Number of protein chains: 2
Amino acid sequence: MSTIPARRRRATIHDVAVEAGVSRGTVSRVVNDEPYVSEQARIAIEAAIEKVGYVPNNAARSLVMQRSQAVGFIVHEPHSLFLEDPNIGGILLGANTALSSADYQMVCLIIDSDRDNDRVARYLSGGFVDGVIIVSARQNDPITRIVEKLALPSVFVGHPPDLRQLPFVGIDNRSSARAITERLIGTGRKRIGMIAAALDRDSGADRLAGFRDALGPRFDPALVEDVPLYAFSAGVDGMRRLLERAPDLDGVFAASDAVAAGALEALREAGRSVPGDVGVVGFDDSAWALRCQPPLSTVHQPAAGLGEAAAESVLAQLRGEEPDLGGILLDTPIVWRDSA
Amino acid sequence: MSTIPARRRRATIHDVAVEAGVSRGTVSRVVNDEPYVSEQARIAIEAAIEKVGYVPNNAARSLVMQRSQAVGFIVHEPHSLFLEDPNIGGILLGANTALSSADYQMVCLIIDSDRDNDRVARYLSGGFVDGVIIVSARQNDPITRIVEKLALPSVFVGHPPDLRQLPFVGIDNRSSARAITERLIGTGRKRIGMIAAALDRDSGADRLAGFRDALGPRFDPALVEDVPLYAFSAGVDGMRRLLERAPDLDGVFAASDAVAAGALEALREAGRSVPGDVGVVGFDDSAWALRCQPPLSTVHQPAAGLGEAAAESVLAQLRGEEPDLGGILLDTPIVWRDSA
DNA sequence: TTGTAGGCGTTATCAC
DNA sequence: GTGATAACGCCTACAA
């Protein structure tokens, strides 16, 4: 006695054709806005489409066309990224904007487990996307391999892939870090420390390297404190430790704005004024920067720009152009506010 | 003289069959791990798959199977959500986890313009997803309509759809707001104000209603300040104004943790101690809550739980079960920390 | 301007 | 166990 309401079959081009009294070919032409169809036929067909409730089936279309008009956007390690990385939202939006203008659907896929890894790999292989943008890939992961194997148009954002055989867009963390440190030095600070973070990632290591570059011979390893994550609480801890070791500190470069915000907190605890006693600079120009008291001087990361550039790269590959394997580096202007 | 390296055609089941000297049917069985295939054939076929580099084509498969094993996750107004809403990440992750366990691919689609609206509507119609989870739909938007028209298994999260004919999951903002306000009253505060936010949304209006419920006859409209957004800076402004109007205030319910963080800032400016002079409570239990000084007492939003519940609802519909149109409301425990 | 028919890569239903 | 063969819904020459 089960009365599951059999979901009725979706109307096809065939149904429309019958309803309108024309052939499937003609219906197809109307659906795709092609020329050479009489006004009379068009009207009849449009009415029929409305009547039978026809909507085109993309799976069938992409099977025959051999393309899906969709581009994947893969996010790894979403726990740290989605919940903490201030840039991911901007990248996502930038990529979507560019893809959208080209009439491509961006589909964002999250990888949060090994199982996800495999499933996403299958998804990519299956023709559901024509290209892919990858954020923060891990070393030698299944996705990177599958993308290479399929020769799927692709681009990495944030940092280069393992073997620099695949195109990428990013920023130059090292020279950006160097630039802002120099600027900090320019304000007359003499004892400048750094709260380095995530040294196991390219970005973290490069920012430290840039700091070192700027200081040159005056670089003092004792003034560097490293913390595992680009996080507020890590900034608090790092600053406390740094202050213990070097109470005479008068400048700090924090590896990210979140870390800088934490440092500000610890500095306040310790009764130091900013920028009076110590100048603080961050990195990212994320929402944190404006929220701080005083607002942070920092390095602007062009998040939306990165997303757009990534999308443009994939789009170019889709048009058959050869990707630029050298990688694309975007500018990172320094934004000078009140914290230093 | 163009030498575009014609991307070579991808191998199909047919190629594998020829290579292995068997029929396509047998190859299909191997690919799908079906029984009734000899060990010998299996070995030959697996070798052939490897040799020709075969990967199954999902578009073809979903055409014939009439399903894609994918579920869409739609995010509207990403500007405010992705960049500000502290819950979106958790919802995303929770939904992905549940979908992943059921071997469904979650594909997240962003709607950031009218153009996106139309494109996503087409995408959904096209058979690329078997169901859909919708976050923060707008009144009568194209997506809601298309979902209804297609009778696509769907669920809304955050708040109910216009016509409550579609299933949803969410929390009871009103009774949660009431509960935390009562708790604040319980600490002995006598002059309690509220910084209400986003009154044009259900969530904002409901939180105010709950606050009013808790106060009953003691409710004083003069102690309510409303701000447009759930944002830090809005909290700062709101608190300043509230303090001007009611300097004798000893308790504040902020409509969100971000707002509460802003309020704390304004309170500090004004030289009031928390929780000494005034007790402050927030809403969301987002990253803000722990980041504040002192840490916020707040209402916990089960973000991941919402995502999971939404996914389970879609999954159930996919199994043919009738959705619960009444909506599913999740618990929101109060987390009591130091700010009140 | 319109209709016909072949094929996109799979799965599924049969006989063998 | 295995191999033909008919769908799935659509696009696209090509013929009319």
Side-chain angles (χ1 to χ4, degrees), chain A residues 7-46 48-49 52-69 122-130 150, chain B residues 7-46 48-49 52-70 122-123 125-130 150:
Chain A
R7 182 164 296 151
R8 79 179 176 296
R9 194 178 62 79
R10 282 176 42 172
T12 71
I13 276 200
H14 178 79
D15 302 322
V16 176
V18 170
E19 177 67 32
V22 299
S23 78
R24 295 174 303 176
T26 308
V27 175
S28 179
R29 277 170 217 126
V30 169
V31 170
N32 298 328
D33 266 328
E34 277 166 30
Y36 300 119
V37 40
S38 66
E39 206 41 37
Q40 182 190 356
R42 165 161 279 124
I43 290 172
I45 290 170
E46 278 165 354
I49 286 178
V52 304
Y54 169 77
V55 297
N57 180 317
N58 278 324
R61 175 179 294 177
S62 71
L63 175 59
V64 62
M65 306 273 287
Q66 301 288 55
R67 62 195 165 72
S68 60
Q69 287 289 104
R122 284 200 317 268
Y123 190 88
L124 295 182
S125 322
F128 277 166
V129 298
D130 298 336
L150 297 172
Chain B
R7 182 164 295 151
R8 79 179 175 296
R9 194 179 63 82
R10 284 176 39 172
T12 70
I13 275 200
H14 178 79
D15 302 323
V16 177
V18 170
E19 177 67 31
V22 297
S23 79
R24 292 177 300 174
T26 307
V27 175
S28 178
R29 280 173 216 123
V30 169
V31 170
N32 297 328
D33 267 328
E34 278 167 30
Y36 302 118
V37 38
S38 67
E39 206 42 38
Q40 182 190 355
R42 165 161 278 122
I43 291 172
I45 290 171
E46 277 166 355
I49 286 178
V52 305
Y54 169 76
V55 296
N57 180 317
N58 279 323
R61 184 189 304 226
S62 72
L63 175 59
V64 64
M65 308 269 290
Q66 301 286 58
R67 63 196 165 71
S68 60
Q69 286 290 100
R122 285 203 312 270
Y123 190 87
S125 322
F128 277 167
V129 298
D130 298 336
L150 297 173

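Fair warning: this is a prediction, and the values are worked out from it, not measured in the lab. In what follows, every heavy atom counts, from backbone to side chain, and hydrogens, waters and symmetry copies are set aside.
- Backbone-only contact: B:Ala41 has heavy atoms under 4.0 Å from sugar-phosphate atoms and none from a base.
- Remark: B:Gln40 CD is loosely packed, at most 12 non-hydrogen atoms of other residues, nucleotides or ligands lying under 6.0 Å away.
- A donor-acceptor contact shorter than 3.5 Å links the side chain of A:Asn58 to the backbone of B:Arg122.
- A side-chain donor-acceptor contact under 3.5 Å links B:Asp130 to the backbone of B:Ser68.
- Nucleic acid contact for B:Val16: none, since no nucleic acid atom lies under 4.0 Å from a heavy atom of the residue.
- Within the 4.5 Å cutoff, no side-chain heavy atoms of B:Val22 are placed close to those of B:Arg29.
- Considering all non-hydrogen atoms of both residues, B:Asn32 and B:Arg61 come closest at OD1-NH1, 3.4 Å.
- The closest side-chain heavy-atom distance from A:Val18 to A:His14 is below 4.5 Å.
- You'll find the side chain of A:Arg24 stays beyond 4.5 Å of the side chain of A:Val27, heavy atoms only.
- One end of the helix from C:dT1-D:dA16 to C:dC16-D:dG1 points its axis 40° away from the other end's axis, with each axis taken from 5 pairs and the angle rounded to 10°.
- Between B:Ser23 and the phosphate of D:dG3, there is a side-chain N or O to OP1/OP2 separation shorter than 4.0 Å.
- Here the closest non-hydrogen pair linking B:Leu63 and A:Ala60 is CD1-CB, 3.7 Å.
- Atom CG of A:Asn58 is separated from atom P of D:dC8 by 18 Å (rounded to the nearest Å).
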message: For a quick check, with a 4.0 angstrom heavy-atom cut-off, what is the B/S/- contact string for nucleotides 11-16 of chain D, read 5' to 3'?
response: SBB---
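- For DNA chain C, the contact window with chain B, defined by any atom under 4.0 Å from a protein heavy atom, covers C:dG9 to C:dA12 in 5' to 3' order.
- Taking all atoms of both residues into account, the shortest heavy-atom contact from B:Phe128 to B:Ala70 is O-CB, 3.6 Å.
- Heavy-atom distances to DNA chain D give each of B:Leu63 and B:Thr26 a nearest nucleotide, and the one nearer the 5′ end belongs to B:Thr26.
- Nearest heavy-atom pair across A:Ala48 and A:Ala20 is CB-CB, 3.8 Å.
- Shortest non-hydrogen contact noted between B:Arg10 and B:Asp15 is O-OD2, 4.1 Å.
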